[in-house]
Amino acid sequence: MTPGEYLSDRSVRIALQLIGAGLAALFLLATGTQPGVLIILLIAFLLVFLIVHLFDFFRLRSRLLELETILEGLNQKYLFAECAPPPGGLYERRLFDLTRRAGRAMTGAVSDAQARQREYREYVERWVHEIKAPITAARLICRELDGETRRKLTAELAQIEANIERALFYARAENPEQDCLFRQADLGKIAAQAIENHRALLIQSGVRVETEHLNGIVYTDEKWAVFLLGQLLQNAARYRGAAPVITLFSKPLGKQIQLVVQDNGIGIPAHELPRVFDRGFTGSNGRARGGSTGMGLYLCRKLAGFLELGLHITSEEGKGTVVTLTFPAKETLTKL
């Protein structure tokens with residue numbers, strides 16, 4: 001609190017006190033009080049007036065600084081009213097009591113919302129594991145079909161699995177630290193696993209995947225990195241051009257390693273490029289080709305932030321897209 005803020009807050013009170021003192025002085029003067037006595041009384045009033053307001057100003061400022069310090073020290077700031085020291089005045093006590101009651105109601109609502117969210121996430125995770133059984137059964141049935149039908153059904157089942165996996169990772173992305181293990185991982189193994197997971201889609205789409213110099217060692221969670229890379233492969237396959245090729249290669253960047261995913265697809269319009277990581281954004285390509293949810297790249301950005309990966313995308317419409325993942329150096333990774 002600054003002196004100006006204090007004067008602004010107390011302006012009406014100060015004005016009334018000064019008007020009252022002026023009226024009292026006029027009354028005393030009118031009733032025959034000697035001017036010298038009146039001057040002494042006014043000086044005494046002004047001294048008391050200044051002392052009272054200075055004391056009030058420093059008291060309020062000290063109180064506010066104390067409360068701000070307590071608030072800054074709390075991780076869950078909505079518990080501020082419960083942690084603040086009891087006030088002295090009746091008005092402030094009543095105000096704090098109302099604030100505490102409102103805070104308890106909000107805390108209860110937050111706890112209920114978190115419980116519902118946790119239950120929903122657990123349900124999604126259970127559902128994902130349960131749905132894998134009929135998908136596996138459908139794959140076994142596909143083996144008894146002829147070649148073309150089997151190929152088409154296998155590709156569709158692979159798409160279903162990819163969407164289910166995205167739902168699972170989306171549910172876990174709210175609290176990724178509960179399902180992450182950061183350790184040394186082979187970049188080539190991560191790329192190979194991502195390609196294998198989406199092999200049916202890549203074959204059906206006629207996409208050729210080329211890998212170069214993927215023998216680096218990175219520090220990350222392998223499962224989440226495979227999922228993230230898989231989303232990029234799915235996007236490249238979905239928005240492919242003629243004779244589609246996806247090239248994966250790595251290059252050093254000091255102590256960091258960059259993984260580059262480059263395709264020769266239809267590209268992204270320049271005016272849409274800043275929004276591709278927004279939740280639910282499908283863009284003109286997604287609307288034209290259908291089947292886009294706008295969640296793939298949104299999840300990529302969210303997971304990249306947790307994995308401390310740099311994620312950068314460039315694209316030229318009609319020529320292709322380049323996505324660069326920058327894996328952090330071991331020394332800078334805070335989650336090891």
Side-chain angles (χ1 to χ4, degrees), residues 128 155 158-173 176 179-205 207-240 244-253 256-265 267-268 276-277 292-315 320-329 333 335:
V128 166
Q159 279 294 92
I160 293 173
E161 284 185 313
N163 289 328
I164 290 172
E165 183 184 40
R166 187 182 296 117
L168 176 62
F169 275 86
Y170 181 76
R172 291 177 174 175
D179 189 43
C180 275
L181 178 61
F182 287 80
R183 59 184 178 184
Q184 181 175 292
D186 182 82
L187 189 57
K189 184 179 178 183
I190 291 174
Q193 186 61 54
I195 294 169
E196 177 61 26
N197 290 350
H198 301 283
R199 181 167 57 88
L201 172 64
L202 295 171
I203 293 174
Q204 182 190 35
S205 303
V207 178
R208 187 173 82 253
V209 179
E210 298 178 351
T211 59
E212 304 173 4
H213 310 297
L214 293 177
N215 52 358
I217 299 297
V218 295
Y219 294 88
T220 188
D221 180 276
E222 187 172 326
K223 179 178 65 177
W224 290 71
V226 167
F227 170 79
L228 196 157
L229 181 56
Q231 298 304 298
L232 300 180
L233 293 175
Q234 286 185 67
N235 271 8
R238 181 176 293 115
Y239 303 115
R240 63 190 179 275
V245 178
I246 302 175
T247 304
L248 282 73
F249 62 92
S250 64
K251 57 183 180 180
L253 183 67
Q256 299 175 322
I257 293 181
Q258 289 186 322
L259 173 62
V260 180
V261 182
Q262 180 177 339
D263 67 61
N264 61 345
I268 303 169
V276 294
F277 293 115
S292 175
T293 62
M295 297 301 294
L297 287 179
Y298 166 75
L299 270 177
C300 286
R301 183 183 64 175
K302 193 166 187 176
L303 295 178
F306 178 75
L307 296 174
E308 300 183 28
L309 295 174
L311 179 59
H312 181 68
I313 184 169
T314 59
S315 185
T321 301
V322 178
V323 181
T324 304
L325 292 171
T326 304
F327 288 86
L333 190 60
K335 299 182 177 68

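This structure is a prediction, so every number in the text was calculated from the model and none was measured.
- Nearest heavy atoms, Ile190 versus Ala185: CD1-CB, 4.0 Å.
- When atom types are taken as modelled, the side chain of Arg240 and the backbone of Ser205 share a donor-acceptor pair closer than 3.5 angstrom.
- Other residues, nucleotides and ligands contribute over 12 non-hydrogen atoms within 6.0 Å of the CZ atom of Arg301.
- Not a single donor-acceptor pair under 3.5 Å links the side chain of Ser250 to the backbone N or O of Gln258.
- Within the 4.5 Å cutoff, no side-chain heavy atoms of Ile246 are placed close to those of Leu232.
- A 4.5 Å side-chain heavy-atom check between Ile313 and Ile268 finds at least one atom pair inside the cut-off.
- Distance check: Leu187 CG to Leu229 CG gives 8.5 Å after rounding to the nearest 0.5 Å.
- Of the residues Thr324, Leu297, Leu303, Val323, the one that meets the side-chain contact (heavy atoms from CB on, under 4.5 Å) test with Leu311 is Val323.
- Across all non-hydrogen atoms, the minimal contact from Gly320 to Ser315 is O-OG, 3.1 Å.
- In this structure, the separation between CD on Gln234 and CG on Leu202 is 9.0 Å, given to the nearest 0.5 Å.
- For the pair Phe306/Asp221, no side-chain contact is recorded, criterion being any heavy-atom separation below 4.5 Å from C-beta on.
- In this model, a donor atom of one side chain and an acceptor atom of the other lie less than 3.5 Å apart for Asn197 and Gln193.
- Using a 4.5 Å heavy-atom threshold, the side chains of Lys223 and Phe227 count as separate.
- At least one side-chain heavy atom of Phe327 sits less than 4.5 Å from a side-chain heavy atom of Leu309.
- Between Asp263 and Ala236, the closest heavy-atom pair is OD2-CB, 3.7 Å.
- Shortest non-hydrogen contact noted between Thr314 and His312 is CG2-NE2, 3.3 Å.
- Note that the CG atom of Leu325 and the CG atom of Leu307 stand 9.5 Å from one another [nearest 0.5 Å].
- Rounding to the nearest 0.5 angstrom, the gap separating the CZ atom in Arg238 from the CG atom in Leu201 is 7.5 Å.
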